Trainee: 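Have a look at this one.
A quick note: this is a predicted structure, and the numbers were derived from the prediction, not measured.
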Amino acid sequence: MKRAAHVRPALTLLLLAGMGLQLPATAQPDTVRAPLSTDQVVQNLMRMNAKRAQELRSYQGKRIYRLEYHGFPGARGAEMVVDVKYQSPGTKEFTIQSATGSKLIIDRVFKKLLQSEKEALEAETLRRTALNEENYAFTMLDYEVTSAGSLYVLSVEPRRKDKFLYSGRIWVDGEDFAVARIEVEPAKNPSFWIKNTKIEHRYVKIDSFWLPAENHSLTSVRLGGRADLTIQYMDYQVTPANLPGKPNNGALR
C-alpha cells in the first residue's frame, strides 16, 4: 500500500473510514410518492434500530478483507480472513485465520480496521455516532418500489466532523425500517494525505436482523495512489436475546 512513512498514515486512516458496501437493486426501481414523511421514516428507523439492538443476543460469522493499492511507491495487495463473534451489548472478538500479502497493509490497515470497530462499540462512541437526528440532518430524496420491496432514499449530513460519521445517501427498507444500503463519504478526512474516500455498503436480512453483507471503499491519495478495499461478510449464525436455544443459521455466499 505504501512504503514511505508519510504514505502509511494515508492508507491506514483512509481505510479506517471504510466499513460497508451496497450493491444496486436487481430490479429497476419505480419512483412513486413516498407514503411517509422524512420525519416519520427517521423516527421509525431509530425505533426499530433500538428494538433490534435489544433483541440481538449474539452472532458470529466470517469476513474476508481484500485490498489492492496502486501508486507511489508501488503496487501491493493483501488478504485477511477473520472470524468474528459479537456478544450484546457491545463486545466483539476477532480471530485472524489467515493473512497473506503485504505485511504493511495487514498491520496498518486490516488490523487498524478491527481496532477501530471495537472502539466504535464503546457506549459514548455509540451515542455520538448513532443514526439519529442528534447526529445527522435527514432529507428525503426518493422513494423506490422494486420487486424486492420499497426503499426510502434519504440524504444524511453529519452535524459535526467525526471519523465515525458520514455524508451521503442511505436506503431504508420500507417494511423493517432498517438501513439496507449506503453510499457515503467520511465526515472527517482522516489524513492530509487522503484526497477522498468513497464508501458503498450493503446489508442483508438474517432472520429479523440486518447485518453487513458487502463493503467497498475506494480511496484516492494526494500523491496519486489509489486503494481499493473490499470486505465480504458471510456464514452468519444469529442468536436472538429471547431464544436461549440453538443459534439460527444464515449464510452469505
Trainee: Between atom CD1 of Ile199 and atom OG of Ser217, what is the distance when rounded to the nearest 0.5 Å?
Mentor: 4.5 Å
Trainee: Charged N to carboxylate O under 4.0 angstrom, Arg127 versus Glu134?
Mentor: yes
Trainee: Ignoring hydrogens and angles, tell me if any N or O in the side chain of Thr125 forms a donor-acceptor pair with the backbone of Leu121 under 3.5 Å.
Mentor: no
Trainee: Looking at OG1 of Thr95 and CG of Asp83, how far apart are the two atoms once the value is rounded to the nearest 0.5 Å?
Mentor: 6.0 Å
Trainee: Checking the side chain of Asp176 only, and the main-chain atoms of Ala178 only, is there a donor and an acceptor separated by less than 3.5 Å?
Mentor: no
Trainee: Rounded to the nearest 0.5 Å, how far does CG of Leu154 lie from CG of Asp142?
Mentor: 10.0 Å
Trainee: Using a strict cut-off of less than 4.0 Å between a Lys/Arg side-chain nitrogen and an Asp/Glu carboxylate oxygen, indicate whether Lys163 and Glu119 qualify as a salt bridge.
Mentor: yes
Trainee: For Val238 and Leu56, what are the C-alpha separation, side-chain angles and deciding distance, and is it a side chain to side chain contact (heavy atoms under 4.5 Å, CB included)?
Mentor: CA-CA 8 Å; Val238 178; Leu56 179 60; 3.6 Å; yes
Trainee: Would you indicate whether the side-chain heavy atoms of Val153 and Tyr143 approach each other to under 4.5 Å?
Mentor: no
Trainee: With no hydrogens and no angle check, is any side-chain donor or acceptor of Tyr69 less than 3.5 Å from a backbone partner on Phe72?
Mentor: yes
Trainee: Distance-only, no hydrogens or angles: does the Tyr65 side chain make a donor-acceptor pair with backbone N or O of Lys111 under 3.5 Å?
Mentor: no
Trainee: Do side-chain atoms of Tyr136 reach the backbone of Tyr166 as a donor and acceptor pair under 3.5 angstrom?
Mentor: yes
Trainee: Consider only side-chain N and O atoms of Gln43 and Glu133, and report whether a donor and an acceptor are under 3.5 Å apart.
Mentor: yes
Trainee: Run the side chain to side chain contact (heavy atoms under 4.5 Å, CB included) test on Leu218 and Thr197 for me, step by step, so that the C-alpha distance in whole Å, both residues' side-chain angles and the decisive distance to 0.1 Å come before the verdict.
Mentor: CA-CA 6 Å; Leu218 189 61; Thr197 300; over 6 Å; no
Trainee: Yes or no on salt bridge (charged side-chain N to carboxylate O under 4.0 Å, His left out) for Lys85 and Glu93, after CA distance, side-chain angles and deciding distance?
Mentor: CA-CA 5 Å; Lys85 292 183 179 180; Glu93 296 179 2; 5.6 Å; no
Trainee: How long is the gap from CG on Asn44 to CG on Leu36, to the nearest 0.5 Å?
Mentor: 6.5 Å
Trainee: Is the side chain of Asp162 donor-acceptor paired with the backbone N or O of Phe164 at a distance under 3.5 Å, no angle test?
Mentor: yes
Trainee: Apply salt bridge (charged side-chain N to carboxylate O under 4.0 Å, His left out) to the pair Glu117 and Arg63, showing each step before the final yes or no.
Mentor: CA-CA 13 Å; Glu117 191 169 341; Arg63 301 177 185 177; 2.7 Å; yes
Trainee: Is the closest basic N to carboxylate O distance between Arg66 and Glu79 below 4.0 Å?
Mentor: yes
Trainee: Does any donor atom in the side chain of His216 or Asp228 lie under 3.5 Å from an acceptor atom in the other side chain?
Mentor: yes
Trainee: Who passes side-chain contact (heavy atoms from CB on, under 4.5 Å) against Met48, sequence neighbours left out?
Mentor: Lys51, Arg52, Phe177
Trainee: For a side chain to side chain contact (heavy atoms under 4.5 Å, CB included) with Leu211, tell me which candidate from Tyr86, Tyr59, Tyr203 qualifies.
Mentor: Tyr59
Trainee: Contact between Glu55 and Pro240 at the side-chain level, heavy atoms closer than 4.5 Å - yes or no?
Mentor: no
Trainee: Is it the case that more than 12 heavy atoms not belonging to Glu175 sit under 6.0 Å from its CD atom?
Mentor: no
Trainee: Would you please say whether a donor-acceptor pair under 3.5 Å links the side chains of Asn135 and Arg160?
Mentor: yes
Trainee: Quick one: CG on Leu131 to CD1 on Ile170, what's the gap to the nearest 0.5 Å?
Mentor: 4.5 Å
Trainee: Between Glu157 and Ser167, does any side-chain donor sit less than 3.5 Å from a side-chain acceptor?
Mentor: yes
